[in-house]
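Remarks on the structure that follows.
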Amino acid sequence: MENEEIQNQQPAQSESQTEQQDNQEQGSKVTFTDEQQAAIDKMFAEKIAKERQRAEAKAQAAAKQAEQAKEEAIKKAAERAKMSAEERAKAEQEDQQKAFAEKQKQLNQQMREFSTKNMLLDKGISVDLLPLVMGADDDETSQRLDLLKKYRDKEIQAATEKLMSGKKAPTAGNGGSGVPLNGNPWADNSWNLTQQQQILTTNPEKARQMIAQAQPKQAFYFGKTN
């Protein structure tokens with residue numbers, strides 16, 4: 001009898017659990033008005049349309065390139081058929097040299113990109129600027145980086161002056177109203193962009209004191225200024 005009662009209770013418990021899960025699922029659903037849903041549908045439709053256009057343009061470009069390559073191959077084969085064995089061998093050798101030169105060019109490009117990335121990282125500049133600063137060789141790249149650094153330092157100085165305008169610079173050191181450089185996120189030995197943002201958000205005056213004492217020489221977070 002006890003087994004029968006347990007068996008009879010199990011389906012009821014299972015149904016109750018299923019009902020609770022359904023209620024939870026319904027409660028977690030996000031509903032939109034017809035106007036909101038229409039706007040969302042339109043946004044996704046436009047995005048899909050743009051992606052489709054981009055994919056179609058890419059496919060057409062690839063097909064055109066393949067067709068050109070095919071025509072060039074047919075033309076080359078026809079020209080080679082008219083050549084003597086010696087001329088054909090010479091033409092094939094030239095093709096191999098061109099292919100080798102192209103591969104070497106690509107390898108040099110990759111090496112210059114790698115070298116430029118290292119230079120950017122050494123100077124604390126985002127690698128996103130690689131296309132802007134990469135030159136024909138390391139010397140030209142270095143010159144472009146120097147120009148970029150001068151421009152960046154000038155902008156940093158202007159931003160610092162704007163940030164500190166109308167504010168009394170604190171005294172250096174640990175005395176008075178000054179803030180110690182130890183642990184200052186704007187100081188070179190404890191540089192931290194995340195802490196810079198947090199301090200500027202929670203205590204702008206303290207941030208100004210820290211910036212004035214650290215006198216940062218590289219790009220730093222200074223928030224929005226009026």
Side-chain angles (χ1 to χ4, degrees), residues 38-160 185-186 188-189 191-194 196-197 216-222:
I40 293 172
D41 293 341
K42 181 180 178 182
M43 179 182 67
F44 279 108
E46 290 176 350
K47 186 174 182 180
I48 292 172
K50 289 181 180 179
E51 292 295 331
R52 183 179 292 111
Q53 289 177 356
R54 193 177 292 112
E56 289 177 354
K58 188 175 180 180
Q60 289 176 0
K64 184 177 180 180
Q65 186 177 4
E67 185 64 25
Q68 289 177 348
K70 180 180 178 181
E71 291 177 357
E72 290 177 359
I74 294 173
K75 182 178 178 180
K76 182 183 291 186
E79 292 175 350
R80 297 284 170 88
K82 300 176 182 179
M83 295 181 180
S84 63
E86 183 177 354
E87 291 173 338
R88 191 180 300 111
K90 183 179 179 180
E92 290 176 356
Q93 184 179 7
E94 291 176 353
D95 288 344
Q96 292 176 358
Q97 291 175 349
K98 289 180 181 179
F100 176 80
E102 183 62 26
K103 289 183 179 179
Q104 188 64 38
K105 181 181 178 181
Q106 294 175 358
L107 178 61
N108 292 339
Q109 176 79 3
Q110 293 174 359
M111 292 177 65
R112 283 193 295 113
E113 289 179 357
F114 179 77
S115 177
T116 303
K117 285 182 179 179
N118 286 335
M119 290 183 183
L120 289 168
L121 292 172
D122 289 341
K123 292 183 179 293
I125 302 175
S126 172
V127 295
D128 293 337
L129 295 178
L130 184 146
L132 177 65
V133 300
M134 188 174 72
D137 51 37
D138 288 348
D139 290 339
E140 183 178 348
T141 299
S142 181
Q143 292 175 2
R144 293 185 181 185
L145 281 172
D146 290 340
L147 290 174
L148 177 62
K149 185 176 183 301
K150 290 180 180 178
Y151 172 79
R152 187 187 64 174
D153 291 344
K154 182 179 179 181
E155 291 297 308
I156 290 172
Q157 182 64 28
T160 303
W186 283 273
D188 291 339
N189 61 348
W191 187 264
N192 191 308
L193 287 171
T194 301
Q196 292 175 18
Q197 182 177 8
K217 302 301 182 183
Q218 56 180 317
F220 60 90
Y221 184 90
F222 55 87

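This structure is a prediction, so every number in the text was calculated from the model and none was measured.
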From [X] atom [atom1] to [Y] atom [atom2], the distance as rounded to the nearest 0.5 Å:
X	Y	atom1	atom2	value
Leu148	Thr141	CG	OG1	12.0 Å
Arg112	Gln109	CZ	CD	4.5 Å
Thr116	Leu132	OG1	CG	11.0 Å
Gln104	Gln97	CD	CD	13.5 Å
Asn108	Asp137	CG	CG	11.0 Å
Met134	Met119	CE	CE	11.5 Å

*Considering the options Lys76, Glu71, Lys70, which one meets the side-chain contact (heavy atoms from CB on, under 4.5 Å) requirement together with Ile74?*
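Passing option: Lys70.
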
*Please name the pair of heavy atoms, one in Trp191 and one in Trp186, separated by the smallest distance, quoted to 0.1 Å.*
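That closest heavy-atom pairing would be CZ3-O, 3.2 Å.
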
*Which pair of non-hydrogen atoms, one from Leu120 and one from Val133, has the smallest distance, and what is that distance?*
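Leu120 and Val133 have their closest heavy atoms at CD2-CG2, 3.9 Å.
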
*If we only count heavy atoms from C-beta on, is the Lys47 to Met43 side-chain gap below 4.5 Å?*
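Not touching, per the 4.5 Å side-chain cut-off.
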
*Any Phe114 side-chain heavy atom under 4.5 Å of Asn118 side chain*: yes

Neighbour count above 12 (heavy atom, 6.0 Å) for [X] [atom1]:
X	atom1	answer
Glu86	CD	no
Met111	CE	no
Glu94	CD	yes

*Before accepting this row, confirm whether a basic side-chain N of the pair Glu140/Arg144 lies closer than 4.0 Å to the acidic partner's carboxylate O.*
yes

*Ion pair present between Glu51 and Arg54, side-chain N to carboxylate O less than 4.0 angstrom?*
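The answer is yes: the pair qualifies as a salt bridge.
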
*Taking it one step at a time, do Lys98 and Glu102 satisfy side chain to side chain contact (heavy atoms under 4.5 Å, CB included)?*
CA-CA 6 Å; Lys98 289 180 181 179; Glu102 183 62 26; over 6 Å; no

*asked:* Test your reading of the model: is there a side-chain donor-acceptor pair from Arg88 to the backbone of Arg80, 3.5 Å cut-off?
replied: yes

_Between Glu87 (side chain only) and Met83 (backbone N and O only), is there a donor and an acceptor less than 3.5 Å apart?_
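Here the side-chain-to-backbone pair does not exist.
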
